[in-house]
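These notes concern the structure reproduced below.
The first residue in the sequence is number 1, and the count goes up from there.
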Amino acid sequence: MIFFSKYLVPKGYTGITIFPFVFLKHKDLKEDKVLVNHENIHLKQQLELLVLPFYVLYFLEFVIRFVQYGNWYRAYRGISFEREAYINENDLDYLKTRPFWCFMKYL
């Protein structure tokens, strides 16, 4: 389910997924199929990890990447969940064939 909120989406981002919802910064972004696919990949990842462990692993990996790179953006883009989503966001059929726990290959 997609909602719109310029207040819930952090500055510098266009969307955020908090299971089972996708929050987009602006209504017109709902038409951006690539962005929606990116966020749907995160929904699948969260569901696979039973939601709460996803957030724990996401945060821990971000901290590790931030220490590794010393840069917020590079740390964010280096998170395995983000890498999978960014690499496959243009493939609108990706979720139909995505293997279980696929994000692991992006570690």
Side-chain angles (χ1 to χ4, degrees):
M1 186 174 298
I2 298 177
F3 290 100
F4 310 98
S5 173
K6 61 182 176 182
Y7 303 109
L8 286 177
V9 179
K11 186 178 179 178
Y13 298 90
T14 53
I16 187 170
T17 302
I18 302 171
F19 189 84
F21 307 109
V22 172
F23 295 95
L24 300 176
K25 197 161 235 164
H26 305 287
K27 248 184 189 177
D28 58 327
L29 291 171
K30 186 175 183 180
E31 304 306 317
D32 185 340
K33 293 183 185 327
V34 172
L35 173 62
V36 172
N37 192 46
H38 178 102
E39 298 304 333
N40 284 334
I41 292 169
H42 287 315
L43 281 174
K44 183 73 168 184
Q45 294 166 338
Q46 291 171 15
L47 191 58
E48 282 179 350
L49 288 171
L50 306 175
V51 184
L52 187 57
F54 170 86
Y55 295 109
V56 171
L57 290 172
Y58 191 101
F59 176 75
L60 288 175
E61 189 173 356
F62 175 80
V63 170
I64 291 167
R65 300 289 182 205
F66 188 75
V67 169
Q68 179 182 12
Y69 299 127
N71 177 285
W72 184 278
Y73 181 75
R74 286 188 65 204
Y76 160 75
R77 290 297 296 251
I79 298 169
S80 58
F81 300 111
E82 292 300 338
R83 291 182 59 207
E84 178 189 4
Y86 277 109
I87 288 169
N88 297 292
E89 68 186 7
N90 289 303
D91 180 357
L92 301 181
D93 293 322
Y94 175 68
L95 288 174
K96 295 176 186 171
T97 59
R98 180 184 180 271
F100 189 72
W101 278 26
C102 184
F103 68 89
M104 295 293 286
K105 75 178 187 180
Y106 298 97
L107 282 174

Q. Can you tell me if His38 and Glu82 form a side-chain donor-acceptor pair at under 3.5 Å?
A.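 There is such a pair between these side chains.
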[X] versus [Y], closest heavy-atom pair with distance:
| X | Y | result |
| --- | --- | --- |
| Ile18 | Gln46 | C-OE1, 4.0 Å |
| Val9 | Phe23 | CG2-O, 3.5 Å |
| Gln45 | Phe103 | NE2-CB, 4.3 Å |

Q) Other than Tyr69, which residues form its hydrophobic cluster under the rule that side-chain heavy atoms must be closer than 4.5 Å? A)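 The other cluster members (ILVMFWY side chains, heavy atoms under 4.5 Å, direct or chained): none.
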Q. When Ile, Leu, Val, Met, Phe, Trp and Tyr are grouped by side-chain heavy atoms lying under 4.5 Å apart, directly or through other members, which residues fall in the same group as Tyr106?
A.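 Result for Tyr106 is Ile87.
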Q. Are side-chain heavy atoms of Leu24 and Phe3 found at a separation under 4.5 Å?
A.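 Result no, sub-4.5 Å side-chain heavy-atom pair not found.
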**Q.** Residues which pass side-chain hydrogen bond (donor to acceptor under 3.5 Å, both in side chains) with Tyr86, listed by chain and number, not counting sequence neighbours
**A.**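 Partners of Tyr86 under the side-chain hydrogen bond (donor to acceptor under 3.5 Å, both in side chains) test: Tyr76.
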Can any side-chain N or O of [X] pair as donor or acceptor with the backbone N or O of [Y] at less than 3.5 Å?
| X | Y | answer |
| --- | --- | --- |
| Asp91 | Tyr94 | yes |
| Glu61 | Ser80 | yes |
| Asn37 | Glu89 | yes |
| Arg65 | Gly78 | yes |
| Lys44 | Glu39 | no |
| Asp32 | Leu35 | yes |

(Q) Students often mix this up, so state it plainly: with edges at 30° and 60°, are the rings of Tyr58 and Phe54 parallel, tilted or perpendicular? (A)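 Rings of Tyr58 and Phe54: tilted, as their planes differ by 30° to 60°.
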Q: Kindly indicate, with the supporting measurements, whether the criterion salt bridge (Lys or Arg N to Asp or Glu O under 4.0 Å) is fulfilled by Arg98 and Glu84.
A: CA-CA 10 Å; Arg98 180 184 180 271; Glu84 178 189 4; 2.4 Å; yes
